[in-house]
Chemist: 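Take a look at the following structure, please.
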Amino acid sequence: FCPNEYKRPDIELKIFRNKNNREEVWRPFKKYHYLDEKLHQASEQWIATINGQLVAHTGIIQFPMRKGWKRVHRLVVLPDFQGIGIGTRFINEVTKHYIENCFNMNLTTTTPALVHALARDNNWTLVRSGRTKNTMAKNFKRYGATVGTEATKSDNRITYSFNWKK
């Protein structure tokens, strides 16, 4: 067995910013997202294809209450394409677009495979891990707001938050 003899074939991944048919494009991905099927209405939608077939999706949103920061929202790689590095490659390329436009990027996940991939990737740094409460909802309540005060599905679940290294 020679170490370089059995390399994965190169995969031509094409990445696009989608501005049309948002719900139609999201439809094949939404049942595979672990939280829920909703796509943030203000998200900037990105997709990846291989040979014209949709394989990955993400939305990018403004990070709440953090000027100059964006956040990854609804990153999904279809099951048949998981485990071969597409998700990391995809999100790295999308993130570069925002970094070049002077934004910082954050990605928070509970997905073990993505946590391990980002921990090995020199572009990302782990900034927080563990269980978290919805502090934004607590702050909204403090100031008398009623919108955004409901508990989120990430309450009391172990999450990992990564920032892109500049």
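We use all heavy atoms of the structure for the numbers below, so side chains are in, but hydrogens, waters and symmetry mates are not.
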Chemist: According to side-chain contact (heavy atoms from CB on, under 4.5 Å), who are the partners of Gln41, at least two apart in sequence or on a separate chain?
Modeler: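 So Gln41 forms no side-chain contact (heavy atoms from CB on, under 4.5 Å) with any residue.
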Chemist: Flag the pair Val94 / Val72 as yes when at least one side-chain heavy-atom distance between them is below 4.5 Å, and no otherwise.
Modeler: no
Chemist: Apply side-chain contact (heavy atoms from CB on, under 4.5 Å) to Val115 and list each qualifying residue two or more places apart in sequence or on a separate chain.
Modeler: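 Expected list: Thr109, Tyr160, Phe162.
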Chemist: Are Trp26 and Val76 side-chain neighbours, meaning at least one heavy-atom pair lies under 4.5 Å?
Modeler: yes
Chemist: State plainly whether one hydrophobic cluster holds both Phe63 and Trp164, where clusters connect Ile, Leu, Val, Met, Phe, Trp and Tyr through side-chain heavy atoms under 4.5 angstrom apart.
Modeler: no
Chemist: Show the atom names and distances, to 0.1 Å, of all donor-acceptor pairs under 3.5 Å that link a side chain in residues 78-90 to residues at least two apart or in another chain.
Modeler:
from: Gln82; atom 1: NE2; to: Val77; atom 2: O; distance (Å): 2.6
from: Arg89; atom 1: NH1; to: Ile11; atom 2: O; distance (Å): 3.1
from: Arg89; atom 1: NH2; to: Ile11; atom 2: O; distance (Å): 2.7

Chemist: Quick one: does Met105's side chain get under 4.5 Å of Ile60's, heavy atoms only?
Modeler: yes
Chemist: For Thr95, give me all partners under side chain to side chain donor-acceptor pair (under 3.5 Å), at least two apart in sequence or on another chain.
Modeler: none
Chemist: Applying salt bridge (charged side-chain N to carboxylate O under 4.0 Å, His left out), can you list everything that pairs with Glu23, at least two apart in sequence or on another chain?
Modeler: none
Chemist: Are Leu75 and Phe103 connected in the hydrophobic side-chain network, where two residues link if heavy atoms are under 4.5 Å apart?
Modeler: yes
Chemist: With sequence neighbours excluded, give me every side chain to side chain donor-acceptor pair (under 3.5 Å) pair touching residues 116-126.
Modeler: Asn92-Asp121, Asn92-Trp124, Asp121-Asn123
Chemist: Can you check whether His73's main-chain N or O pairs, donor with acceptor, with His40's side chain at less than 3.5 Å?
Modeler: no
Chemist: What closest approach, in Å, do Ser161 and Leu126 show between heavy atoms, and which atom pair accounts for it?
Modeler: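 For Ser161 and Leu126, the tightest heavy-atom pair comes out as O-CD1, 3.5 Å.
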Chemist: Quick one: which residue pairs count as a salt bridge (charged side-chain N to carboxylate O under 4.0 Å, His left out) with a foot in residues 94-108, not counting sequence neighbours?
Modeler: Glu93-Lys96
Chemist: Can you pull the side chain to side chain donor-acceptor pair (under 3.5 Å) pairs that have at least one residue in residues 42-64, sequence neighbours excluded?
Modeler: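 Pairs touching residues 42-64 that pass the test: Asn18-Gln45, Arg22-Ser43, Glu44-Tyr98, Gln45-His57, Trp46-Tyr98.
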Chemist: Can you list the residues that meet the side chain to side chain donor-acceptor pair (under 3.5 Å) rule with Arg128, with sequence neighbours excluded?
Modeler: Thr159
Chemist: For Lys31, check side chain to side chain donor-acceptor pair (under 3.5 Å) against everything at least two apart and list the hits.
Modeler: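 Partners of Lys31 by the side chain to side chain donor-acceptor pair (under 3.5 Å) criterion come out as none, since no residue qualifies.
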Chemist: Applying side-chain contact (heavy atoms from CB on, under 4.5 Å), name anything that partners Lys166, two or more places apart in sequence or on another chain.
Modeler: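 Listed in chain order: Ile99, Asn104.
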Chemist: Group every Ile, Leu, Val, Met, Phe, Trp and Tyr by side-chain heavy-atom contacts under 4.5 Å, then state whether Trp69 and Ile91 land in the same group.
Modeler: no
Chemist: Going by the rule salt bridge (charged side-chain N to carboxylate O under 4.0 Å, His left out), which residues pair with Lys165 if we only count those two or more places apart in sequence or in a different chain?
Modeler: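 Salt bridge (charged side-chain N to carboxylate O under 4.0 Å, His left out) list for Lys165, sorted by chain: empty.
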Chemist: Count I, L, V, M, F, W, Y as connected when their side-chain heavy atoms are under 4.5 Å apart, and connections chain through other members. Are Ile61 and Leu39 then in the same cluster?
Modeler: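 In one cluster with Ile61: Leu39, no.
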